[in-house]
Structures are given as structure tokens and as C-alpha cells.
Amino acid sequence: MTDSVAGGPSLPQERRLVTEIPGPASLERLDRKKAFVADGVGTTLPVFVVAAGGGVLVDVDGNSLIDLGSGIAVTTVGNAAPAVARNVHAQVDAFTHTCFMVTPYDGYVDVCEKLAQLTPGDHAKKTALFNSGAEAVENAVKIARVATGRDAVAVFDHAYHGRTNLTMAMTAKNMPYKNGFGPFAGEIYRAPMSYPLRDGLTGGQAAARAIDVLDKQVGAQNLACIVIEPILGEGGFVVPAPGFLPALAAWAKDNGIVFVADEIQSGFCRTGDWFASDHEGVVPDLVTAAKGIAGGLPLAAVTGRADLMDSVHVGGLGGTYGGNPIACAAALGAIEEMEGGRLTERAREIGAIMERRLSELRAVHDVIADVRGRGAMMAIELCKPGTTEPDAARTAAVAAYCHKNGVVVLTCGTWGNVFRFLPPLSISDELLDEAFDVVAEALTATM
Ligand SMILES: *Cc1c(COP(=O)(O)O)cnc(C)c1O
């Protein structure tokens, strides 16, 4: 065990390398990981963290790395954010668990009330809380099936919805998420996604193509729900062409199909709006949220039309830990940070900086086929120059350079050739610029 070190925004905000990455103390721990942790649980950058906050992660060797990943879009408000830490401490001292299904408490209801206000649309809304994003997606499907009396579920190419059996079936990519783990849940149908770099279609054309597949191969009358990420997460941060989401939502409405926005990665200020659906004024019937919702504690939610949510019989939704009091206290702290810190605006500012830096890089490096994203959810896709042939090898080389030089970057995409940049919104402009200086060096060094 390592003694805990105070983290949060008061940590020195600097990139500081005192050893190789990973350093000797991390390498020692990596041996212990190898001995005791299942190999199936991989690690992107094996530095063992002792403190984090603002825009940095500090490791056991004393290195301070710039964080462009936020633990996969989770620590949007920053690590150990003050209001999160304060609320968690207070809740831990009061009580840690009762199970909301046995004896309830205020924090759960407070989070549900906040979600009714913050999610798109001003209709009557209700919420059920869970532990993980996958669990939220599963429950959205359960609710849609009961509400409609139908079985079929529509999902999209490049989708990522989780690692449980139903959500593996809903996820598109085989390796590493699905390979060997079947048989998968049935009644899942996949439609083509709008992918402007690769299909050249307008939003309307891409929606017509998807609707045609669903209508002819499944039948609108058999569909319980359409589940879609308004901006693809693991699948490559693809922003669908304008008009795609509104056209799908309208078709769903006309056909009594529940429209579910999986905002687990794109929600909670990440894109410069509270939810990515807000950008085009799309009002989903159900929204799934997780990741950024609770400043790092495990919490997930399904929020949506009260009539749909209430179609499930009493006792049909829940779980031992869903809406744990500490996780709810953390969520209320994270929401306080987001509202007080005007983090939707901050996400837009960060997005503008990233877009400028990435566009400059694209002008110099023809391996960058696309710069895309919204707010603090930006990406570049790397392809063989002049083509759309994915360049996963170059992507891996650039990532390795960044990691060695103290910048935590994440890749994604069906072909593993996309960098996704997800800095905590507590990062400073200076650190962000320094991180992109390293990304620029990495692109040059790997030419
Ligand atoms: C991460 C993610 C999930 C799964 O969430 P977990 O908490 O890892 O189960 C589902 N959907 C999207 C869009 C995600 O990004």
C-alpha cells in the first residue's frame, strides 16, 4: 500500500518527468499486477497513480502526466474535485449503504430531480439509477420492451454500449469486446451509421439509408427502441451529419419506437452542452447517462418520459447498489461543480483550443484524414495519406510517443486509428497547449 497523497486542483499543474515512463516503482507494481490481476484486464499506460487533479495525474515515481483522457470521460469536473470530495466525505461519515429498494434516502431522489431538469426536453421525466453504463443501457431496453410490447432493438455500426451480454450484442466491434464471449442476446439489429468522412452522405440521406434497413429487414412495428450514441464514443468519435439524428428521432416517433440516446460518453457538459442531443434540439424518449455524472464514482441513470418509465411493474427495476448514497452525493457534487463552474462554456473553450491545434496539425500532417468532435470531445482519424485506409500502426506509434513523454492519450475507433481527446474540464489552457505540443512532436517523430 502507498500512503495517500492529497490530490485535487491544488496539485502543481505541470508536466514533470523524473524517470522513464513507466518508472521503476510502476514497473515493480506491474509485476504484482501480472501476478494477481487477470490478464484480460488490460492497461493503456501502466503508471500507477497516487494523486490526480486539475489536468494532471501523479505516479508512484513522482512523474506528473498531463491527462487528456479523464479516465475515459469520467472526471469531467476534474479528479478529486472539491465539491465531490466534500460530499463524499460527509456521506461516508453519515452512512454508506441501505439499499434504496429497502429504505430510501434523499440523495437518490435529489439526483433524479436534477436529471429531470438537465436532460433534454421539458416534459414530465423520471429516473432510475444503476451502477454502470452497461446496466443503464440494459435497463433502457427493458423499459422500452415493456412500454411497447415489442422485442426488436435497433443499434448502429461502430456502436459501443458495454460489456454485459445484452450490451455486447449491441456493441459492434468484435475485438476485444465480444470475441469468444457468445452466444449473444437476440433481437438486436444493426443499421448503418452516418459517418461523414467515409460515406459522404448528408444527414438526411444517411437517415434514409438506416431507416430503409430497419423498415425492410426488421419492420418498424417490431421495434421496441432505437439506441444510438449522438456522437460515437469507442467507435471513433464520429459526429453524424447534421439532420441524421432529428430524422431518426422523427421516424421513431411516427412509428411508436422508443428513441434512446446513449449519452454515457457524450453527456454531462462534455460536448459544450449538457447533453450532445441538445446540439440539434433532439429530445430523446430515454437518455442513458454514466461516466461524467459523478466525478469518478460508479453511478448510471436512465432518465425519460414519465409514462414510459412508469410502464414497468413495481420491483421490475433496481439492484442492490444502484444509486448508492456515496455515488449520489458525488453526483450532486459534480453537478454543483458543472453549474457553478459554467462547465458547458469551459468545454466549448477547450474545444476551440483543441480544434485550432488539431487543424494546424492536419495542415502539416497528411496522415490526419479528419478532425472532428464537439466541445471537449475531439478526435483525429489517421489514414494512409490521400485515402481512407486506416493507419493503426502510426496511431499506436504516436500514442506510445505521447505516453513516454508524459501525456495520457486514448485511442478508439473500429480500426484503432482514432485519437480521442477528452481532457478534464479543470485543465488549464497552458497545460492543454503543452499536451498538444507533445502530440505535434509525436506526429513529427513518427513520420
Ligand atoms: C462506456 C460506455 C458504455 C458502458 O459504460 P460502462 O460504465 O463501462 O458499463 C455504454 N455506452 C457508451 C456510449 C459508453 O461510452
Side-chain angles (χ1 to χ4, degrees), residues 40-44 69-76 119 128-142 144 153-173 176-178 181 184-185 188 190 193 225-240 245 259-271 274-277 282 284 286-304 319 321-324 327 330-331 334 373-379 410-414 418 420-422:
V41 184
T43 306
T44 301
S70 301
I72 320 189
V74 169
T75 53
T76 302
T119 50
L129 298 178
F130 306 97
N131 304 296
S132 68
E135 224 188 320
V137 172
E138 293 238 358
N139 278 278
V141 171
K142 283 164 64 173
V153 173
V155 293
F156 289 81
D157 286 335
H158 312 291
Y160 182 86
H161 296 295
R163 294 173 181 267
T164 56
N165 187 266
L166 176 61
T167 57
M168 276 193 292
M170 296 169 70
T171 290
K173 190 173 174 176
Y177 307 122
K178 302 169 74 166
F181 298 142
F184 302 112
I188 310 294
R190 197 170 303 284
M193 179 68 184
C225 56
I226 292 177
V227 183
I228 189 163
E229 298 156 87
I231 298 178
L232 288 178
E234 312 299 302
F237 277 31
V238 176
V239 184
L245 293 171
F259 186 83
V260 184
D262 181 349
E263 294 255 18
I264 288 168
Q265 193 150 165
S266 56
F268 277 94
C269 299
R270 182 48 61 188
T271 62
W274 275 93
F275 291 89
S277 299
V282 171
L286 300 178
V287 173
T288 56
K291 293 199 165 91
I293 192 175
L297 274 83
L299 186 72
V302 181
T303 301
Y321 294 112
N324 168 272
R374 190 173 291 143
M377 186 173 183
M378 295 291 298
L410 302 176
T411 60
C412 66
T414 297
V418 178
R420 53 170 150 179
F421 301 108
L422 291 163

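Atoms within each ligand, like the ligands themselves, are counted from 1 in listed order.
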E135 contact mode with ligand 1 (heavy-atom cut-off under 4.0 Å): neither

Proximity of S132 to ligand 1 by residue part, where a heavy atom lies under 4.0 Å: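 For S132, backbone and side-chain atoms both sit under 4.0 Å from ligand 1.
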
Identify the protein heavy atom lying closest to [atom], giving its residue, its atom name and the separation to 0.1 Å.
{"atom": "atom 5 (O) of ligand 1", "answer": "G133 CA, 3.2 Å"}
{"atom": "atom 8 (O) of ligand 1", "answer": "K291 NZ, 4.7 Å"}
{"atom": "atom 4 (C) of ligand 1", "answer": "A134 N, 3.7 Å"}

Min heavy-atom dist G233 to ligand 1 below 4.0 Å: no

Closest heavy-atom pair and its distance - T75, G295: CG2-O, 4.2 Å

Among [options], which residue meets the side chain to side chain contact (heavy atoms under 4.5 Å, CB included) test with [X]?
{"X": "V260", "options": "V227, V153, V137", "answer": "V227"}
{"X": "M170", "options": "V155, D262, N165, T164", "answer": "V155"}
{"X": "L232", "options": "Q265, R420, H158", "answer": "H158"}

Residue E229 vicinity, atoms of ligand 1 by number, heavy atom under 4.0 Å: 13 (C)

Atom indices of ligand 1, in the order listed, that fall short of 4.0 Å to a heavy atom of D262: 10 (C), 11 (N), 12 (C), 13 (C)

Stepwise side-chain hydrogen bond (donor to acceptor under 3.5 Å, both in side chains) check, S277 with E263: CA-CA 8 Å; S277 299; E263 294 255 18; 2.7 Å; yes

Test of ring centre spacing under 6.0 Å for F268 and F275: yes

